Amino acid sequence: MNSWSDSLFSSFSEVLTNPIVVIILSAVILVLVLILLLSRPVPTVHAFTGPAGRVTVSRKAVHDLIEARCRAFRGVGSAKANVTNRGGEIDVRIDLKVRESARLEDLSSQIQGEVGGMLRENLALENIGAIDIVVTGVSRSD
């Protein structure tokens, strides 16, 4: 067992003494770190630019507003929103737990219309993309 670990250690040390290998490994690590840093979601969504400056809304505030609006619908038991901002377009995914009496087609189209209108009118957000609804569960009707 000891000779196996010694052999492995000596192989690694031989590889790491080669400057080309060290440069390539360093470049790969740097690229991975940059990808991780650049792929982090932006914590705010740009709403508009007014005469006095730029106005942004936190993603958490957008989530809270969407979730509260969805819970106001009779057929919704609970809601969880996720907002992404890619390429200047705001996409929304809403995970819903619906009541068993809910008519899903009607409910989803009402929610999509209300959420899109609310984002445009209340928050002055532009470039609203897809508003996707995913039913994650069904609860008993009250």
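Since the model is a prediction, treat every value here as computed from it, not as a measurement. Throughout, numbering of the chain's residues begins at 1 and tracks the sequence.
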Check your understanding: Under a 4.5 Å cut-off applied to non-hydrogen side-chain atoms, are Gln112 and Ile133 in contact?
Key -> yes

Student check: side-chain heavy atoms of Ile24 and Ile20 closer than 4.5 Å
yes

Residues Gly75 and Ala102: closest non-hydrogen pair is O-CB, 3.8 Å

Note: Ile111 and Cys70 closest approach over all heavy atoms is CG2-SG, 3.7 Å

Q. Do Leu104 and Leu96 share a hydrophobic cluster (ILVMFWY, side-chain heavy atoms under 4.5 Å, transitive)?
A. yes

### Query
Should Phe73 and Val135 be regarded as members of a common hydrophobic cluster, given that ILVMFWY residues are connected when their side-chain heavy atoms come within less than 4.5 Å of each other, either directly or indirectly?
yes

In Å and rounded to the nearest 0.5 Å, what is the [atom1] to [atom2] distance from [X] to [Y]?
X	Y	atom1	atom2	value
Asp132	Arg93	CG	CZ	8.0 Å
Ile128	Ile90	CD1	CD1	4.5 Å
Ser108	Arg103	OG	CZ	11.0 Å
Leu125	Leu119	CG	CG	5.5 Å

Okay, side chain of Arg59, backbone of Val83: is any donor-acceptor separation there less than 3.5 Å? yes

For the side chain of Glu100 and the backbone of Ser139, is there at least one donor-acceptor N/O pair under 3.5 Å apart?
no

The complete set of side chain to side chain donor-acceptor pair (under 3.5 Å) pairs with one or both residues in residues 61-84, sequence neighbours excluded, reads Lys60-Asp64, Arg69-Glu114

With sequence neighbours left out, write down each residue that passes side-chain contact (heavy atoms from CB on, under 4.5 Å) with [X], or none if nothing qualifies.
X	value
Val22	Ser26
Glu89	Asp91
Thr136	Asp95, Val134

| field | Leu107 vs Val98, side chain to side chain contact (heavy atoms under 4.5 Å, CB included): CA-CA, chis, key distance, verdict | value | CA-CA 9 Å; Leu107 181 63; Val98 297; 3.9 Å; yes

TODO: Test Ile66 against Met118 for side chain to side chain contact (heavy atoms under 4.5 Å, CB included), laying out the working first.
DONE: CA-CA 8 Å; Ile66 291 170; Met118 177 186 63; 3.9 Å; yes

Besides Leu30, the hydrophobic cluster formed by Ile, Leu, Val, Met, Phe, Trp and Tyr side chains linked at under 4.5 Å, directly or via other members, contains Leu34

Legend entry - Verdict with reasoning, Arg54 to Thr56, per side chain to side chain contact (heavy atoms under 4.5 Å, CB included): CA-CA 7 Å; Arg54 185 177 169 157; Thr56 60; 3.6 Å; yes

Sequence neighbours excluded, the answer for side chain to side chain donor-acceptor pair (under 3.5 Å) partners of Arg120 is none

Item to complete: Applying side chain to side chain contact (heavy atoms under 4.5 Å, CB included), run through Leu123 and Leu65 and close with a yes or a no.
Response: CA-CA 10 Å; Leu123 299 179; Leu65 191 60; 3.8 Å; yes

